[in-house]
Trainee: 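Sharing a structure, written as structure tokens. Questions coming.
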Amino acid sequence: MILVSTQPIDVPSVLAAVEGPGEGGVVLFLGRVRHEARGQAVQRLDYEAYGDMALDELKSLAGEAQRLHGASRVALVHRTGSLEVGELAVAIAVSAPHRKEAFVACEWLIDTLKRRVPIWKKEWYADGSQWIAEHP
Amino acid sequence: MILVSTQPIDVPSVLAAVEGPGEGGVVLFLGRVRHEARGQAVQRLDYEAYGDMALDELKSLAGEAQRLHGASRVALVHRTGSLEVGELAVAIAVSAPHRKEAFVACEWLIDTLKRRVPIWKKEWYADGSQWIAEHP
Amino acid sequence: MRVLLFAGLAELAGRRELALTVAEGGLDVARLVVRVAALEPALAGRSFRVAVNRRYAQPADAVRPGDEVALIPPVSGG
Amino acid sequence: MRVLLFAGLAELAGRRELALTVAEGGLDVARLVVRVAALEPALAGRSFRVAVNRRYAQPADAVRPGDEVALIPPVSGG
């Protein structure tokens, strides 16, 4: 399951996508909209994606996690559009025969997604908004 | 949520237990019964716990994850009794303001649970069974 | 040639794509960046990478008419 | 004093607890282990830790009548 969508993220289906009889360990990362960022109260976030390229990049990340980091199955879902505080922005699930690989691959995926996938967030505060440039 | 129970693990409630408006990152670990172990086909597992002490140990692990490893909220659930291949044996959820702490604390928790909490598994094969002694 | 704009760059330019006239032989990415800045001064000096056909491109890479070109400002997904 | 047994140790002993008669002043964990092996030879030489009142104890720690004592074979949860 590799998805960039305005629909709310369905965590059970993300987890179901990485199930397998030989996969003893599953690690899931969830990124949620926080009520605070850069010292300011956040009211909501807008996420914009270059959809087709973001999907291609997510697919290539999934492949690298399998080839280079020991992941068996990978699910990557990123939400776009307007999100309230507490909503899920991203979900990444990785299964592997043993837990160590699942932890390493999952953390590598979120770190690399944040650097490489063409998705942008705009933070809305009481008195304005700004596009965030986290990874030049 | 700290639980040792014969009931199947309910993942949504484990995740809900660590939600909070300041927690941007959640890491969940799921340990599932594999179809194979030590080169043999596994038919099912029995988990036995020293229930009261296991619960005390899990509580003290949760406290250490918060004090020493940056976790905000922790949920620890271990199932006992007879489990089929594919069923969840353990679920550990950790939230933190930022993802790094959530990954570190979650991995520390499963590693330390496996060494310290008085729970034992017996593997059943086509031709017999044995108690597993992973951490002397 | 369409050049897609996103996020802060789209806001600065006040539009989601630029139309660039390109010779049949194409040009390289470095030259394309110069052309973009000339066409839309609001984007001059801004930080972005260039994607050609949905892959990050290097300054010396070729761009041809018909390629899908996009300017990728610093990302902040996740 | 009851001494709780679990997993492989319970199977070896054929029961889930031992009853140990202990003097009022108690004894230390090292001595308790010797008494257990004498009472239940199937457990002699087996690997286990001792928990007293649900906490792992050291060989020199004291055990008193009324304490909850358990033998903890190598664990394998998770």
Side-chain angles (χ1 to χ4, degrees), chain B residues 3-5 9 29-34 37-38 42 45-61 76-81 83 87-92 106-123 128-136, chain D residues 1-20 22 26 28-30 32-34 36-37 39-78:
Chain B
L3 213 58
V4 176
S5 162
I9 295 176
F29 172 77
L30 299 177
R32 218 178 270 286
V33 178
R34 296 175 63 207
R38 279 154 270 276
V42 170
L45 290 189
D46 286 347
Y47 278 97
E48 180 178 331
Y50 177 9
D52 293 335
M53 180 174 168
L55 212 52
D56 285 353
E57 285 288 324
L58 291 177
K59 284 176 192 162
S60 92
L61 291 187
L76 289 164
V77 182
H78 203 299
R79 190 163 169 205
T80 55
L83 275 71
E87 286 196 282
L88 291 179
V90 61
I92 300 179
C106 190
E107 192 166 12
W108 179 85
L109 280 166
I110 179 62
D111 288 352
T112 311
L113 179 155
K114 283 177 170 266
R115 283 199 305 272
R116 219 166 84 182
V117 179
I119 298 178
W120 302 270
K121 72 170 157 234
K122 186 182 207 171
E123 290 175 353
S129 67
Q130 65 174 332
W131 286 102
I132 304 304
E134 270 172 351
H135 295 278
Chain D
M1 170 185 290
R2 297 160 64 210
V3 176
L4 307 176
L5 305 178
F6 295 96
L9 297 183
E11 282 191 3
L12 284 166
R15 44 189 164 158
R16 301 216 140 256
E17 61 179 78
L18 307 175
L20 215 61
V22 171
D28 64 19
V29 166
L32 178 122
V33 170
V34 173
V36 161
L39 183 67
E40 181 47 73
L43 302 183
R46 292 289 161 174
S47 171
F48 54 81
R49 285 181 280 181
V50 175
V52 178
N53 298 328
R54 305 171 187 175
R55 305 187 67 143
Y56 290 112
Q58 301 303 317
D61 289 349
V63 185
R64 290 175 212 294
D67 283 345
E68 180 176 315
V69 176
L71 308 188
I72 311 288
V75 300
S76 52

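Below, chains carry the letters A, B, ... as their sequence lines are ordered, and counting in each starts from 1.
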Trainee: Could you tell me which residues satisfy side chain to side chain donor-acceptor pair (under 3.5 Å) with B:Asp46, sequence neighbours excluded, listed by chain and number?
Mentor: B:Arg44, B:Ser82, B:Trp124
Trainee: Heavy-atom cut-off 4.5 Å, strictly under: side chain, backbone, both or neither for B:Lys122 against chain D?
Mentor: side chain
Trainee: Using non-hydrogen atoms only, which part of D:Tyr56 is less than 4.5 Å away from chain B: side chain, backbone, both, or neither?
Mentor: both
Trainee: Looking at B:Val90, B:Leu45, B:Ile132, which has the largest count of heavy-atom pairs under 4.5 Å with chain D?
Mentor: B:Ile132
Trainee: Can you tell me how far apart CZ (D:Arg16) and CD (B:Glu48) are? Round to the nearest 0.5 Å.
Mentor: 4.0 Å
Trainee: Could you check B:Tyr50 against D:Leu71 for side chain to side chain contact (heavy atoms under 4.5 Å, CB included), going step by step and ending with a plain yes or no?
Mentor: CA-CA 10 Å; B:Tyr50 177 9; D:Leu71 308 188; over 6 Å; no
Trainee: Determine whether more than 12 heavy atoms belonging to other residues, nucleotides or ligands lie under 6.0 Å from atom CZ of D:Arg55.
Mentor: no
Trainee: Check whether B:Asp52 gets within reach of chain D through its side chain, its backbone, both or neither, counting any heavy atom under 4.5 Å.
Mentor: both
Trainee: Write down the atom of D:Phe6, the atom of B:Ala49, and the distance for their closest heavy-atom approach.
Mentor: CE2-O, 4.0 Å
Trainee: If I compare all heavy atoms of D:Pro73 with all of B:Trp120, which pair ends up nearest, and what's the gap?
Mentor: O-NE1, 3.0 Å
Trainee: Given the options D:Ala51, D:Gly8, D:Ser76, which has more heavy-atom pairs under 4.5 Å with chain B than any of the others?
Mentor: D:Ser76
Trainee: Please find the pair of heavy atoms, one from B:Ala89 and one from D:Gly78, that lie closest to each other, and give the distance.
Mentor: CB-O, 4.5 Å
Trainee: Mind listing the closest non-hydrogen atom pair of D:Val75 and B:Arg116 along with its distance?
Mentor: CG2-N, 4.2 Å
Trainee: Considering residues at least two apart in sequence or located in another chain, which fulfil the side chain to side chain donor-acceptor pair (under 3.5 Å) criterion with B:Glu87?
Mentor: B:Arg79
Trainee: Let me know if B:Gln130 has heavy atoms under 4.5 Å from chain D in its side chain, its backbone, both or neither.
Mentor: neither
Trainee: Any idea which heavy atoms bring B:Met53 and D:Arg54 closest together, and the distance?
Mentor: CG-O, 3.2 Å
